[in-house]
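Source: prediction; values computed, not measured. Values reported hereafter were calculated over all heavy atoms of this structure, with side chains retained and with hydrogens, waters and symmetry mates removed.
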Amino acid sequence: MDNTRVAEILGEIAELMDIKGENSFKVRAYEKAAKAVGAVAGPLSDYLEQDALETIPGIGKGIAARIGEMLEDGGSALLEELRDEFPPQILSLMKVPGLGPRKAAQLYRGLGIGNIQELKEAASLGRIASLKGFGKKTEEKILRGIDIVSAYAGRLPLGVVLPLARDIINKLSKIKGVIKVVETGSVRRRKETVGDLEIIAAAGAHDFGGIMDSFSQAAVISEIHSRERNRIRLKTADNFLVSLRLVEPDQFGAALVRFTGSKEHADSLQETAKNKGIGTLGNSILDIPGGEEEIIYSALGMEYIPPEIRENKGEITGAAEHKLPILVTPEDIKGDLHIHTNYTDGMNTIEEMVKAAIACGYEYIAVSDHSQSLKVAGGLSPERLKAQQKEIDEVGAAYPGFRIFKAAEVDILPDGKLDYDEETLKNFDFVIGSIHSYFNQDIDTMTKRILCAMEDPRLLILGHPSGRLIGSRNELKINWDEVLKAAAKRRVILEINSFPERLDLNDERCRKAKEMGIKVSINTDSHSINHLKFVEYGVMVARRGWLDKKDVLNTMKSKELENWLAERSEFLKGLK
DNA sequence: GCCGTTTTCGGCCCGACTGTTTTCAGTCG
């Protein structure tokens, strides 16, 4: 059992205990332990072997024993006990905005509601308003909340599906007879959410049956959904559909293009093929033989089109004219400009984050802990900030050649002011401005609020600009034309927040920003060393937004970035 | 359940908003 799974189990125990009504500090202890496990560098089994689980902050005697049990037995008796007390989908209720553990428990105990479907029915029938502690408004809020949750019904975040895809592909590639194997569909195009996972493999036709037999026995698979000569569809334990399609090596390139899609992209290619009279039947790109996609595009007189931009939004014309951008890659990223530490709600020290960043091949990070108003995250008072900046200097001195920027993720207050006074703001290299409160301001107030914050020359980056959380919180109401215009004018950077549930700025707005000459920064918002790896998801969004290296601030090398910052500062003085 | 230069008990990030109440519980960030 890996660390992630242990963290998941601890988290589920916490949630179920919370619904059950256990002591909230006990619940928090499990929550904290889950977070702590997520921030551990090496495998927990090493800690267990050395009897060192209790050296992890937040893990004491009790939880260490629970973790030991998980690692040795592959499960948790406590979790099973708790699960037995509630319907299997009970936790899904808490995903609805406005519903927490208390209300979820009451809905279950009072009305026997155990899943979203039952919740929706009860709310529609007006049964919830009659429950003690609930009312008409709560019922309406629940119905609105269900809409947010079900907007992505049946779809999973890319952050969940991509690791699953990689795991399955790794297993498939080891099966005898499999020559090549690649994911297709929206996973390969790196869309932010994915409805099902499609994989394609090249093999000799005589091996098809055996490959499907082996694959259907893989550990992640729980049942066979359907099976044909060259295609098998299976379900994972979580009821997620995985489909494997087998083709002969010579068809692989064309099939990969067809099934990567998007449908609109593939149809448009087909149209091009038809017009050019390419393919043996003259009407199908599937007729162009070749093992690689490049052959297909080349046969159509085009440069290769990266999967992320295959949405029929100008890429086909661009490829025909050989004018596609060279999309940014993870290797282009030279540093991370949004990092939290244990000074606020991060799990690791400044030095640990620096070491982890160096291991990523980075030249710099910006330590950007929360500002004073965000009490829940332990936002730094000016005094604590001084201590933090002193430590940044000390760590910086120990790692010459690595640059640590002094930054902060400063709350943009409801009136648009930044959450530190002049005296304090002077001490930053730059700040990230983010909204963490008063999410439901109307569009004019919210837009003015953001524009006001952007006026401050120290605000370099607008953090997670839309504020959305995929599947749980809608976007802020913002006049984007105004905000983008101001960003272009004042050289404000828009963040692509790489957390899989944020991916904010999104792909479409990235492209819009690029057109307006606005740069983005691909940041992870890491709260532990294990979050740094999320940068690849941010890069995926940037690629979907057609961004090349020059559009991304943190592809600059350290010195180049310093110069750019200095130049921006001069530029802003000239604006006044 | 965890933690301790206030250590074996008694705290535990906190403040605001919302909707339900008629003084507050629950949720959120």
Participant: When the C1' atoms of dC17(B) and dT23(B) are considered, how many whole Å apart are they?
Facilitator: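 My reading of the C1' atoms in dC17(B) and dT23(B) gives 16 Å.
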
Participant: Using the P atom as the point on both nucleotides, what is the distance between dG10(B) and dG19(B), in whole Å?
Facilitator: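 Here dG19(B) and dG10(B) have their P atoms 40 Å from each other.
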
Participant: When the P atoms of dT20(B) and dG26(B) are compared, how many Å lie between them, rounded to an integer?
Facilitator: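 So the two P atoms sit 14 Å from each other.
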
Participant: Once side-chain hydrogen bond (donor to acceptor under 3.5 Å, both in side chains) is applied, do any residues pair with K390(A), and if so which ones, sequence neighbours excluded?
Facilitator: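 Residues passing side-chain hydrogen bond (donor to acceptor under 3.5 Å, both in side chains) with K390(A): E394(A).
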
Participant: With P as the reference atom in both, quote the distance from dT22(B) to dG11(B) in angstrom, rounded to an integer.
Facilitator: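 It comes out at 31 Å once rounded to the nearest Å.
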
Participant: Keeping to residues at least two apart or across chains, list the ring-ring contact (aromatic ring centres under 6.0 Å, His included) pairs with something in residues 422-445 of chain A.
Facilitator: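 Sorted pair list: H370(A)-H436(A), F405(A)-F430(A), Y420(A)-F428(A), H436(A)-H464(A).
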
Participant: Would you be so kind as to tabulate the donor-acceptor pairs closer than 3.5 Å made by side chains of residues 28-37 of chain A, with sequence neighbours excluded?
Facilitator:
unit_1: Y30(A); atom_1: OH; unit_2: R66(A); atom_2: NE; d: 3.3

Participant: When rounded to the nearest Å, what value does the distance between P atoms of dT6(B) and dC12(B) take?
Facilitator: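 Taking atom P in both dT6(B) and dC12(B), they lie 15 Å apart.
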
Participant: Can K20(A) and E85(A) be counted as an ion pair, charged N to O under 4.0 angstrom?
Facilitator: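 Yes, charged N to carboxylate O under 4.0 Å.
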
Participant: Can you tell me, in whole Å, how much space there is between the P of dT21(B) and that of dC3(B)?
Facilitator: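 Here dT21(B) and dC3(B) have their P atoms 41 Å from each other.
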
Participant: By nearest heavy atom, map G58(A) and V96(A) onto DNA chain B; which one lands nearer the 5' end?
Facilitator: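 Closest to the 5' end, via its nearest nucleotide, is G58(A).
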
Participant: Near DNA chain B, under 4.0 Å by heavy atom, which residues of residues 122-139 of chain A?
Facilitator: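 Hits under 4.0 Å, by residue number: G133(A), F134(A), G135(A), K136(A), K137(A), T138(A).
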
Participant: Once you apply a heavy-atom cut-off of 4.0 Å, does N440(A) come out as touching a base, just sugar-phosphate, or nothing?
Facilitator: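 Result for N440(A) = sugar-phosphate.
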
Participant: Could you go through N497(A) and D525(A), starting from their C-alpha distance and side-chain angles, then the distance that decides it, and tell me whether this counts as side-chain hydrogen bond (donor to acceptor under 3.5 Å, both in side chains)?
Facilitator: CA-CA 7 Å; N497(A) 189 296; D525(A) 198 356; 3.0 Å; yes

Participant: Within the 4.0 Å heavy-atom criterion, would you say K141(A) contacts the bases, only the backbone, or no part of the nucleic acid?
Facilitator: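 Nothing: the residue K141(A), judged by heavy atoms under 4.0 Å, touches no strand.
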
Participant: Listed by chain and number, what are the side-chain contact (heavy atoms from CB on, under 4.5 Å) partners of Y362(A), not counting sequence neighbours?
Facilitator: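 Expected list: I333(A), D336(A), A357(A), C360(A), F402(A), V535(A).
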
Participant: By side-chain hydrogen bond (donor to acceptor under 3.5 Å, both in side chains), which residues pair with E121(A), not counting sequence neighbours?
Facilitator: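 E121(A) satisfies side-chain hydrogen bond (donor to acceptor under 3.5 Å, both in side chains) with Q117(A) only.
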
Participant: Enumerate the residues from residues 98-105 of chain A whose closest heavy atom to DNA chain B is under 4.0 Å, giving them by residue number; use none for an empty result.
Facilitator: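 Residues of residues 98-105 of chain A under 4.0 Å from DNA chain B: G98(A), L99(A), G100(A), P101(A), R102(A), K103(A).
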
Participant: In the strands shown, is dC24(B) matched to any nucleotide by a Watson-Crick or G-U wobble pair with both distances under 3.5 Å, and which?
Facilitator: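 dG19(B) is the nucleotide pairing with dC24(B).
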
Participant: Suppose the criterion is ring-ring contact (aromatic ring centres under 6.0 Å, His included): which pairs have a residue in residues 34-66 of chain A, not counting sequence neighbours?
Facilitator: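 Listed by first then second residue: nothing to list.
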
Participant: For the residue pair D504(A) and S466(A), confirm or rule out a side-chain donor-acceptor distance under 3.5 Å.
Facilitator: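 Yes.
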
Participant: With respect to D429(A), which candidate in R458(A), K406(A), R403(A) satisfies the salt bridge (charged side-chain N to carboxylate O under 4.0 Å, His left out) definition?
Facilitator: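 It is R403(A); the other options fail the test.
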
Participant: C1' atom, dC13(B) versus dC28(B): distance in rounded Å?
Facilitator: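 Their C1' atoms lie roughly 14 Å apart.
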
Participant: Check DNA chain B against residues 64-88 of chain A and give the residues with a non-hydrogen atom under 4.0 Å, in numerical order.
Facilitator: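 Hits under 4.0 Å, by residue number: none.
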
Participant: What are the 5'-most and 3'-most nucleotides of DNA chain B lying under 4.0 Å from any heavy atom of chain A?
Facilitator: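 First and last nucleotides in contact are dG1(B) to dG29(B).
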
Participant: Under the side-chain hydrogen bond (donor to acceptor under 3.5 Å, both in side chains) rule, collect the residues that match up with S45(A), sequence neighbours excluded.
Facilitator: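 For S45(A), no residue satisfies side-chain hydrogen bond (donor to acceptor under 3.5 Å, both in side chains) once neighbours in sequence are set aside.
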
Participant: Of all heavy-atom pairs between E308(A) and R544(A), which one has the smallest distance, and what is that distance?
Facilitator: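 That closest heavy-atom pairing would be O-CG, 3.4 Å.
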
Participant: Run the ring-ring contact (aromatic ring centres under 6.0 Å, His included) test against H338(A) and tell me which residues pass, sequence neighbours left out.
Facilitator: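 Residues passing ring-ring contact (aromatic ring centres under 6.0 Å, His included) with H338(A): H340(A).
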
Participant: Using the side-chain hydrogen bond (donor to acceptor under 3.5 Å, both in side chains) rule, take D369(A) and Q388(A) through it: C-alpha gap first, then chi angles, then the decisive distance, then the call.
Facilitator: CA-CA 9 Å; D369(A) 274 313; Q388(A) 185 225 42; 3.0 Å; yes

Participant: I want to confirm an ordering. Mapping I56(A) and F25(A) to their closest nucleotides on DNA chain B, which one lands closer to the 5' end?
Facilitator: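 Comparing both residues, the 5'-ward one is I56(A).
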
